[in-house]
Structure formats: C-alpha cells, structure tokens
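What follows is a single structure, written as structure tokens, with notes after it.
In this chain, residues are counted from 1 in sequence order.
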Amino acid sequence: APFKHILLFFRPLEMSSKKPVPFLRQVVSVKKKVHRDPRFDDLSGEYKPEIFMKTYSFLDSIKQKEKEMVQKQLKKCRNTEQKEKLQQLLNRMTQQEQAQKKQRELRERELALKRQQRELAKQGKKPFFLKKSEKRKLELADKYAELKRSGKLEGFLSKKRKRNAIKDKRRLPSQKGL
C-alpha cells in the first residue's frame, strides 16, 4: 500500500481542459545534445596529410597482410560465387593501394617543389609558383615517361584514341534522320 502513494507522486500532472493555458507557461529546459563532426570542428585540430600518414603508417602492413590472406583464400576457394566476391575484394584492395601510392608520389613532388622554392628564396631569388595547368602538364609528362619506361604507352594511347573516337561519335548529329 505505501508504494501506491509514491507512484501517484511521480505520475504526470493532469491539467484541466476547461481552463485556458496560461500565457507565461513554466517550460522545463532540456539540454540539447550537440553533435559535432570531427572533420569540420576546430577542436579536432588541423588535418595534415603528412602527419596523418606517419601516425597511421602501421595500417599499411595490416592491409598488406589482409591482401595476402585474401589471395590465399582465393587460391583455395572452389565456390564460383565466393571466388568472384574475393576477386572483387582483391581488386578493390589493389586499386586503393595504387591510389594511395599515386597520392604519396604527388605529395612528394609538391614537397620537392616547395623545397626548391625555399632554396631559391634563400639565395635571394623571387619565388615562382606553378599554375594548376602547369602542374597538370608536368604530371602528364611524368605519366607519359612512366608508361614509356614500363612499355605500356602504346596500349594506353590506343585506349585513349578509342575513348576519344567514341566521344566524337556522340557529338556528331545522328544519322537516323537521313
């Protein structure tokens, strides 16, 4: 019986529907949870790719082990559906690896250019900054040299020609009406 009195005490207060609601109501303020995104928040600090790569460099070895494990599973697997999934996973892993390598090379190239500019500035020369288009031309030249060195240049150029031919065909007016 004493429990019943306690439960009555904690239940919500019933208001009469006959009385009008007072103009100044007593509102209990509830603190709203503020969600913060660490990507855009100043509290998380500034993102610097060099520091990030150094801090999380141990992940590369883990990814390499995972890739080797997937390759072993792919060799052992007999189920075609499972084999296809493993092959897709392996392809994705290699693509991520290549993209990371490309990013690293690009960063190293930029750092080399910055060092060169600093050296010139120390010698008293006026710094010269490349435009985006000039940087793109240099990257294209590097890619061309790399393809030529690896012997994949002809295949790359033939694919590019085919792609451009398809684009040109799309741009031409359709032949159906003639």
Legend entry - Pairing of R149 and E146 as salt bridge, 4.0 angstrom limit: yes

Legend entry - Same apolar cluster: M53 and I51, side chain cutoff 4.5 Å: no

Legend entry - Transitive ILVMFWY side-chain link Y56 to I62, under 4.5 Å: yes

Inset, instruction - Rounded to the nearest 0.5 Å, what's the gap from CZ on R107 to NZ on K114? Could you check? - result: 11.0 Å

Inset, instruction - Give a yes or no on whether R170 atom CZ has more than 12 heavy-atom contacts from other residues, nucleotides or ligands under 6.0 Å away. - result: no

Legend entry - Shared hydrophobic cluster, L147 / L140 (ILVMFWY, side-chain heavy atoms < 4.5 Å): no

Legend entry - CD (E81) with more than 12 external heavy atoms under 6.0 Å: no

Legend entry - Between CD on residue Q64 and CD on residue E66, distance to nearest 0.5 Å: 10.5 Å

Inset, instruction - Any chance you could measure Q95, atom CD, to L90, atom CG, to the nearest 0.5 Å? - result: 10.0 Å

Legend entry - Check against side-chain contact (heavy atoms from CB on, under 4.5 Å), Q103 and L106: CA-CA 5 Å; Q103 255 184 343; L106 200 123; 5.6 Å; no

Inset, instruction - Flag the pair Q96 / Q100 as yes when at least one side-chain heavy-atom distance between them is below 4.5 Å, and no otherwise. - result: no

Legend entry - Closest approach of K67 to M93 (non-hydrogen atoms, all atoms of both residues): CA-SD, 3.8 Å

Legend entry - E119 and its side-chain contact (heavy atoms from CB on, under 4.5 Å) partner, picked from Q116, Q117, K122: K122

Legend entry - From CD (E134) to CZ (R136), nearest 0.5 Å: 10.5 Å

Inset, instruction - Please round to the nearest 0.5 Å and tell me the distance separating atom CG of L130 and atom CD of E110. - result: 10.5 Å

Legend entry - Over 12 non-hydrogen atoms of neighbours within 6.0 angstrom of CD in E84: no

Legend entry - Qualifying residue for salt bridge (Lys or Arg N to Asp or Glu O under 4.0 Å) with D142, from K102, R109, K148: R109

Inset, instruction - With rounding to the nearest 0.5 Å, note down the distance linking CD in E139 to NZ in K143. - result: 10.0 Å

Inset, instruction - Answer yes or no: is there a side-chain heavy-atom contact under 4.5 Å between R92 and L89? - result: yes

Inset, instruction - Would you indicate whether N79, at its atom CG, is surrounded by more than 12 heavy atoms from other residues, nucleotides or ligands within a distance under 6.0 Å? - result: yes

Legend entry - Single-linkage hydrophobic cluster I166~L172, side-chain heavy atoms < 4.5 angstrom: no

Legend entry - Shortest non-hydrogen contact between K83 and C77, atoms and distance: N-SG, 3.8 Å

Legend entry - Within one Ile-Leu-Val-Met-Phe-Trp-Tyr cluster: L138 and F128, side-chain cutoff 4.5 Å: yes

Inset, instruction - Compare all side-chain heavy atoms of S57 with those of K54 and state whether any distance is below 4.5 angstrom. - result: no

Legend entry - Ionic contact status for K63 with D60, cut-off 4.0 Å: no

